[in-house]
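What follows is one structure encoded as structure tokens, with my remarks underneath.
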Amino acid sequence: MINALKKEAIRINERKKSQPLISLQQVYKSFGATQVLRGIDLELFEGENLVIIGKSGSGKSVLLKCIVRLLEADSGNISVLGQDMLEVDQYTLDRLRAQIGFLFQGSALYDSMTVKENLLFPLRRHPERLFGEDEDDLVYDALDSVGLAHTIDLMPEELSGGMKRRVALARTLILRPKIILYDEPTSGLDPITAKEIMELILEIQRTRHAAAVIITHDMYCAQMVANRVVMLIDGRNYAEGTFDELSRSRDPRVRAFFK
Ligand SMILES: Nc1ncnc2c1ncn2[C@@H]1O[C@H](COP(=O)(O)OP(=O)(O)OP(=O)(O)O)[C@@H](O)[C@H]1O
Ligand SMILES: [Mg+2]
């Protein structure tokens, strides 16, 4: 166990020598008088699954939305794939977003479209990411990789919650993102289905070589999928480490997550 931990720490340090794919410095975001993000520093490195854990309402979804500029941060620096997100023009922003898969909290499928149409949607917006391949093949492959090829002609209302989450994941994968942002990928699912989604996240990390930020308030999910965990408290990155390192912390605010 100790050796495994050491190896994990070495792997993390090696990753840290590479350029981060995402880098946030002192990011602030308020809504009126509510200060949500209060000086976040964060980096995502190649190949890693970074879990951000925090209480409900602590600003996890706001943080992800600021990264892709669905929300405008009030101040600070946000760089993604080497580009300054707060300075890029609309064209570059669109191209960057095509390289970032975003699994929204809930599943956010289009209810009036079939599964296939849902998956085609991002491809139609970003035809440059077809890479000369047949779109039907891409849809089939993406669905097959989440074990749902047979649902291709179904409507979202015909799917269970777990299936919807998988279809949303397939839609996220279809543009072959370099970075995947998962917002509460397991929330609202029963424990067995949640575990299947966690296994899928690990498989995606292995086979697609994408780095991921995974937002959750589920410690079991963090333990299962994280190479590194950041704890969000009071709008800041309060603590960071492997799951096992944090589990040994004596800080009462960190310990509170393990109760
Ligand atoms: N568009 C918005 N306008 C105003 N306030 C917002 C907006 N989005 C989020 N907030 C506020 O920001 C705070 C953080 O919200 P956020 O959705 O990021 O929490 P969260 O950590 O994702 O919680 P949960 O675990 O419940 O998903 C909350 O107080 C919320 O009311
Ligand atoms: Mg949220």
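Indexing begins at 1, ligand by ligand and atom by atom, following the structure's order.
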Heavy-atom pair with the smallest gap, counting every atom of Ser145 and Leu200
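Between these two residues, the closest heavy atoms are O-CD1, 3.8 Å.
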
Over all heavy atoms of both residues, which pair between Leu103 and Pro185 is shortest? Give the atoms and the distance, please.
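Closest pair (atom of Leu103, atom of Pro185, distance): CD2-CB, 4.1 Å.
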
Using heavy-atom distances only, which candidate in Gly59, Gly57, Gly54 approaches atom 28 (C) of ligand 1 most closely?
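Shortest heavy-atom distance from atom 28 (C) of ligand 1: Gly57.
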
Taking it one step at a time, do Leu119 and Tyr140 satisfy side-chain contact (heavy atoms from CB on, under 4.5 Å)?
CA-CA 9 Å; Leu119 265 71; Tyr140 184 87; over 6 Å; no

Are Gln35 and Ser30 linked by a side-chain donor-acceptor pair shorter than 3.5 Å?
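No donor-acceptor contact under 3.5 Å links the two side chains.
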
Do the side-chain N and O atoms of Asn49 and Gln205 include a donor-acceptor pair separated by under 3.5 angstrom?
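Short answer, yes.
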
Please could you name the atoms of ligand 1 that [X] approaches to less than 4.0 Å, counting only its heavy atoms?
X: Ser58; answer: 19 (O), 21 (O)
X: His217; answer: 25 (O)
X: Glu184; answer: 25 (O)

I'd like to know if the side chain of Asp41 reaches the main chain of Gln26, judged simply by a donor and an acceptor atom lying under 3.5 Å from each other, with no hydrogens or angles considered.
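At least one qualifying donor-acceptor pair exists.
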
Phe102 and its side-chain contact (heavy atoms from CB on, under 4.5 Å) partner, picked from Ile180, Thr172, Leu181, Val213:
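The option that passes is Leu181.
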
Please test Asp153 against Thr114 for side-chain hydrogen bond (donor to acceptor under 3.5 Å, both in side chains), starting from the C-alpha separation and ending with a verdict.
CA-CA 6 Å; Asp153 293 318; Thr114 65; 5.4 Å; no

Specify the protein heavy atom at minimum distance from [atom]: its residue, its atom name, and the distance to 0.1 Å.
atom: atom 1 (N) of ligand 1; result: Phe31 CE2, 3.8 Å
atom: atom 18 (O) of ligand 1; result: Val62 N, 2.9 Å
atom: atom 17 (O) of ligand 1; result: Ser61 CB, 3.7 Å
atom: atom 24 (P) of ligand 1; result: Ser56 OG, 3.6 Å
atom: atom 27 (O) of ligand 1; result: Gln105 NE2, 2.9 Å
atom: atom 25 (O) of ligand 1; result: Lys60 NZ, 2.7 Å

Taking the six-membered ring for Trp and the full ring for Phe, Tyr or His, determine whether the centres of Phe243 and Tyr220 are under 6.0 Å apart.
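No.
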
Protein heavy atoms: any of them under 4.0 Å from atom 13 (C) of ligand 1?
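So atom 13 (C) of ligand 1 has protein heavy-atom neighbours under 4.0 Å.
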
Within-cutoff protein neighbour (heavy atom, under 4.0 Å) for atom 31 (O) of ligand 1
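Given the 4.0 Å limit, the answer for atom 31 (O) of ligand 1 is no, no protein heavy atom qualifies.
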
Run the contact test for Lys55 against ligand 1 with a 4.0 Å cut-off on heavy atoms, strictly below, and give the result.
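It does, in that a heavy atom of Lys55 comes within the 4.0 Å cut-off of ligand 1.
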
Does Leu42 share a hydrophobic cluster with Val225, counting links as ILVMFWY side-chain heavy atoms below 4.5 Å and allowing steps through other members?
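They do not share one cluster, since no chain of ILVMFWY contacts under 4.5 Å joins Leu42 to Val225.
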
N/O/S atom of Gln105 under 2.8 Å from the Mg ion (ligand 2), yes or no?
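Within the cut-off used here (under 2.8 Å), Gln105 does place an N, O or S atom near the Mg ion (ligand 2).
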
Would you check whether Thr34 has a nitrogen or oxygen atom less than 3.5 angstrom from a nitrogen or oxygen atom of ligand 1?
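For ligand 1, there is no N or O atom that lies under 3.5 Å from one belonging to Thr34.
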
